[in-house]
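Following: one structure in structure tokens, then a few remarks.
Owing to the predicted nature of the structure, the values given are computational and were not obtained by experimental measurement. One is the number of the first residue; the rest follow in order along the sequence. Every number for a ligand or one of its atoms is a count from 1 in the order of the listing.
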Amino acid sequence: MAWRGWVRTVEVEPSLYAADFAELGNQIEQLLDAGARVFHFDIGDGHFVPPVTIGPVVLRSIAPLIHRGGGVIDCHLMVDDPAHHFPELAESGGDSVTFHVEAASNPGVVIAQAREHGLGVGIAFNPGTGVEEAAAAANLGADLCLCMSIVPGYSGQELMEDAYARIERLRALVDCHVQVDGGVNDDNIEAVHAAGADLLVVGSGIFARENLPRAYRALVEALG
Ligand code: DX5
Ligand code: ZN
């Protein structure tokens, strides 16, 4: 079963969107050696979010490396019509797909479509979307619910202060994993975890640092 067995109480997920793409394989290997097991992979279509980010071609190149190292790939789909991408992402080595509740008029159907491809599945929601709406969608059978702590699109933004209250509300409304994405760093990761998140996505808080393994381990240690 997807996600069961992937989470060691809490996971710090390196967000590969923030990587140096000339060094991608090398950076992934360093993080696998440092203990990272769940890698976050951001797919943006230039429509649901302004930028086109990375997609199946890159996924196909790195999936064998991550799987050989015992890791999994958690795809965050910042796209319209997410189900359209499921077959190709599954074939390219993606392990789970998280789609935005704002991009799905019938989330229960989209969850079922992800399962048909053997994928784990999550529901994401933007800062402007009601927590209750997202929780209701996640309770249709998702493995995780992703509370965005920034407006999605770009790495390197600051975590919005109202995220803590939204995480707490979400934690009370769902049984699945609670993920947070955007502006998580070593100053706030403990507070984000304490608010109820067990999947902590970190982009620039790892990749903008000089020493990636040290940055990853410092985040894990900050969680106790
Ligand atoms: C942006 C992506 C994030 C991003 C996080 O919308 O969804 O995963 O890479 O980067 P940081 O941690 O720098 O905010
Ligand atoms: Zn993301």
Side-chain angles (χ1 to χ4, degrees), residues 10-21 23-24 27-28 31 36 38-56 58-59 62 66 72-80 82 85 89 94-103 119-129 134 142-164 166-167 170 177-193 197-210 212 215-216 218-220 222-223:
V10 54
E11 289 294 330
V12 175
E13 299 188 25
S15 177
L16 297 175
Y17 184 30
D20 174 353
F21 287 93
E23 294 290 333
L24 186 57
Q27 294 195 330
I28 290 169
L31 289 165
V38 185
F39 289 82
H40 185 85
F41 189 89
D42 286 294
I43 300 165
D45 64 357
H47 197 257
F48 182 80
V49 288
V52 172
T53 63
I54 43 179
V58 175
L59 185 58
I62 60 171
I66 290 175
V72 294
I73 308 172
D74 164 28
C75 301
H76 174 194
L77 276 65
M78 303 179 288
V79 304
D80 291 325
H85 301 277
L89 293 175
D95 297 291
S96 183
V97 285
T98 293
F99 65 90
H100 274 258
V101 70
E102 302 88 358
L119 293 159
V121 60
I123 300 286
F125 64 108
N126 287 339
T129 298
D143 299 300
L144 69 89
C145 193
L146 165 54
C147 179
M148 290 304 304
S149 41
I150 55 169
V151 174
Y154 300 95
S155 296
Q157 305 180 65
E158 264 185 40
L159 178 135
M160 296 165 72
E161 278 302 313
D162 70 351
Y164 297 104
R166 292 162 62 241
I167 296 161
L170 180 64
H177 297 289
V178 169
Q179 187 177 52
V180 174
D181 183 8
V184 179
N185 58 37
D186 43 15
D187 288 333
N188 61 27
I189 194 164
E190 207 185 342
V192 172
H193 178 49
D198 60 343
L199 302 174
L200 303 149
V201 176
V202 184
S204 50
I206 292 175
F207 291 99
R209 300 296 158 94
E210 199 66 38
L212 271 48
Y216 171 79
L219 289 159
V220 172
L223 293 168

Taking distance alone, with no angle check, do [X] and ligand 1 share an N/O pair under 3.5 Å?
| X | result |
| --- | --- |
| Gly183 | yes |
| Tyr17 | no |
| Pro152 | no |

Quick check on contacts: which atoms of ligand 1 are under 4.0 angstrom from a heavy atom of [X]?
| X | value |
| --- | --- |
| His76 | 7 (O) |
| Met78 | 6 (O), 7 (O) |
| Gly153 | 1 (C), 6 (O) |
| Tyr154 | 1 (C), 6 (O) |

| task | Please round to the nearest 0.5 Å and tell me the distance separating atom CZ of Phe207 and atom CD of Glu23. | result |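 Separation between the atoms: 11.5 Å.
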
| field | Plane angle bin for His100 and Phe48 - parallel if under 30°, tilted between 30 and 60°, otherwise perpendicular | value |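 If you compare the ring of Phe48 with that of His100, the planes turn out tilted.
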
Could you check [atom] against the protein and tell me its nearest heavy-atom contact, residue, atom and distance included?
| atom | value |
| --- | --- |
| atom 5 (C) of ligand 1 | Asp181 OD1, 3.5 Å |
| atom 12 (O) of ligand 1 | Gly203 N, 2.8 Å |
| atom 2 (C) of ligand 1 | Asp42 OD1, 3.3 Å |
| atom 4 (C) of ligand 1 | Ser155 OG, 3.3 Å |

Need the atom name: nearest N/O/S atom of [X] to the Zn ion (ligand 2).
| X | result |
| --- | --- |
| Asp181 | OD2 |
| His76 | ND1 |
| Asp42 | OD1 |

| task | Could you tell me whether the side chains of His40 and Asp42 share a donor-acceptor contact shorter than 3.5 Å? | result |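 There is such a pair (donor and acceptor under 3.5 Å, judged by atom type) between the side chains of His40 and Asp42.
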
| So which heavy atom on Val180 is nearest to which on Ser149, and how close? |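 Closest heavy-atom pair between Val180 and Ser149: CG1-OG, 3.4 Å.
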
| query | Arg166 and Asn126: which non-hydrogen atoms are nearest, and at how many Å? | reply |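 In this case the closest contact between Arg166 and Asn126 is NH2-O, 3.2 Å.
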
| Applying the side chain to side chain contact (heavy atoms under 4.5 Å, CB included) test to Gln179, which of Leu200, Asp198, Leu146, Ile167 qualifies? |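 That would be Leu146.
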
| field | Criterion side chain to side chain contact (heavy atoms under 4.5 Å, CB included) against Val184, the qualifying member of Leu219, Leu159, Ile206 | value |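 Answer after filtering Leu219, Leu159, Ile206: Leu159.
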
| atom 11 (P) of ligand 1: which of Ser15, Gly205, Gly156 has the nearest heavy atom? |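 Residue with the shortest heavy-atom distance to the ligand atom: Gly156.
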
| Do Ser155 side-chain atoms and Gly203 backbone N/O form a donor-acceptor pair below 3.5 Å? |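 Judged by distance alone, no pair lies under 3.5 Å.
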
| message | Quick check on Ala18 - does any of its heavy atoms sit under 4.0 Å from an atom of ligand 1? | response |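 No heavy atom of Ala18 comes that close to ligand 1.
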
